[in-house]
Structures are given as C-alpha cells and as structure tokens.
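Below is one structure, written out as structure tokens; the observations come after it.
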Amino acid sequence: MKQPDVPNVGNKKDVANYRLQIAKEDLDAAHVLLETESYRGANNRAYYAIFHAVSAVLALEGIAFKRHKDTLAYFNKNYVAAGLLPREIGRKIVKAEEIRHASDYDTFYIASKEDTIQQVATAEQLLQLLSDFCQDKHKNAE
C-alpha cells in the first residue's frame, strides 16, 4: 500500500523514537491481552513490540524494508552476528517470530499461557535492550 505524501518532518532520531513509542504501545497491549487470557493476541502484540524496537535501531541508519524477514535478517547480520548486541537476542527474535506466525496463521495452534508469558517477557527484555542501544547511539552521535 502506498503511503500518503507527507512532508519530511523529522530526522532519523525522530523516526527511531517514534518506533520505540509504537513498540511500547504494542507491549502495553500485549500485557492487557495477557491479563484477559487472550494469548494469541498477546503473542501478536509482543512480537510487534520486538519488531518495532528492531525497526527503531535500523531507523538510526536510515534503513527500512518492506518485509519483516528482510528487516530481521539485516538486523541479525549487522547487529547480532557483528557482535554489537548479544547473540541470544537473535535467537529470541526468531522464536518470537515463530510464535507470532503460529498464533496468527496455524489453524490448530493453541497459544499456551506459559508460552505467552515468555513471549511478553522477551518483548519487555528486548524493548529495554534496544531502547538503551538507541539511546547510546544517540549520545555517541552527538
């Protein structure tokens, strides 16, 4: 879908901050859905919190992709495999994507409370880590 024409109203830091805010909103929604035992929805929102946090990091480079798999592959290659971020987060992101995909598309997938609690906890951890990473990049760029 083509985005509407919008004047250029910000810089890379503004875009990163906006994406971090969206990630926080997604995480908040995941918590609400978890509390109401809506596990499939909570898994979805937790994954999107992770995805938007990853997108915030890439925004600092001016990088964006149309497909999630391209975004995550670039992030894992250029940040995780390159040693800028811990290897374990690459595995956690892959697991989060698998759970989100199963929750959204697999006909007979039953999202468990335990898996959903872990998915939301992973989103919290990664959002904090990537928010801190963005803040450190902002400080180093100034």
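In this structure, the side chain of D106 does not engage the main chain of F108 through any donor-acceptor pair within 3.5 Å. Proximity of a side-chain donor or acceptor of T71 to a complementary backbone N or O of R67 within less than 3.5 Å is detected. Counting only distance, with no hydrogens or angles, the side chain of H52 and the backbone of Y48 share a donor-acceptor pair below 3.5 Å.
Aromatic rings of Y47 and H68 (six-membered ring for Trp) have centroids within the 6.0 Å cut-off, being under it.
At least one side-chain heavy atom of I99 sits under 4.5 Å from a side-chain heavy atom of Y109. Counting heavy atoms from C-beta outward, L72 and F51 have side chains that approach closer than 4.5 Å.
A donor and an acceptor atom, one from each side chain of K92 and Q125, are located under 3.5 Å apart. For the residue pair Q135 and S131, no side-chain donor N or O sits within less than 3.5 Å of a side-chain acceptor on the partner. Residues N17 and Q21 have side chains that never bring a donor and an acceptor to within less than 3.5 angstrom of each other. E61 and Y79 share a side-chain donor-acceptor pair at under 3.5 Å. Judged purely by distance below 3.5 Å, without hydrogens or angles, the side chains of H31 and E124 pair a donor atom with an acceptor atom.
When all heavy atoms of V15 and A59 are compared, the pair lying nearest together is CG1-CB, 3.6 Å. L129 approaches P86 most closely through the heavy-atom pair CD2-CD, 4.1 Å. The shortest heavy-atom contact between A30 and V120 is CB-CG2, 4.1 Å. Here the closest non-hydrogen pair linking R45 and L33 is CG-CD1, 3.7 Å. Here the closest heavy-atom approach between residue L84 and residue N78 is recorded as CD1-O, 3.5 Å. The two atoms that bring I63 and R19 nearest to each other are O-NH1, 4.2 Å, heavy atoms only.
Looking at D115, T116, T122 one by one, the single match for side chain to side chain donor-acceptor pair (under 3.5 Å) with Q118 turns out to be T122.
The distance from atom CG of L20 to atom CG of L127, rounded to the nearest 0.5 Å, is 6.5 Å. Expressed to the nearest 0.5 Å, how far NE2 of H101 lies from NZ of K69 amounts to 10.5 Å. The CG atom of L85 sits 5.0 Å away from the CZ atom of F133 when rounded to the nearest 0.5 Å. Rounding to the nearest 0.5 Å gives a distance of 8.0 Å between CG of N43 and OG of S112. Rounding to the nearest 0.5 Å places CG of D136 at 6.5 Å from CG of D132. Expressed to the nearest 0.5 Å, how far CZ of R91 lies from CG of N76 amounts to 10.5 Å.
Clustering ILVMFWY residues whenever any of their side-chain heavy atoms sit less than 4.5 angstrom apart, transitively, puts I93 in the very cluster that holds F65. The hydrophobic cluster containing Y18 does not contain F75, counting ILVMFWY residues as joined when their side-chain heavy atoms lie under 4.5 angstrom apart, directly or transitively. Connection of I22 to L27 is not established within any shared hydrophobic cluster, with ILVMFWY side chains joined at heavy-atom distances below 4.5 Å, either directly or through further cluster members.
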Show your reasoning for whether salt bridge (charged side-chain N to carboxylate O under 4.0 Å, His left out) applies to R100 and D104.
CA-CA 6 Å; R100 195 277 306 180; D104 286 354; 3.1 Å; yes
Between D28 and K24, does the side chain to side chain contact (heavy atoms under 4.5 Å, CB included) criterion hold? Intermediate values first, please.
CA-CA 6 Å; D28 290 345; K24 173 77 170 87; 2.7 Å; yes
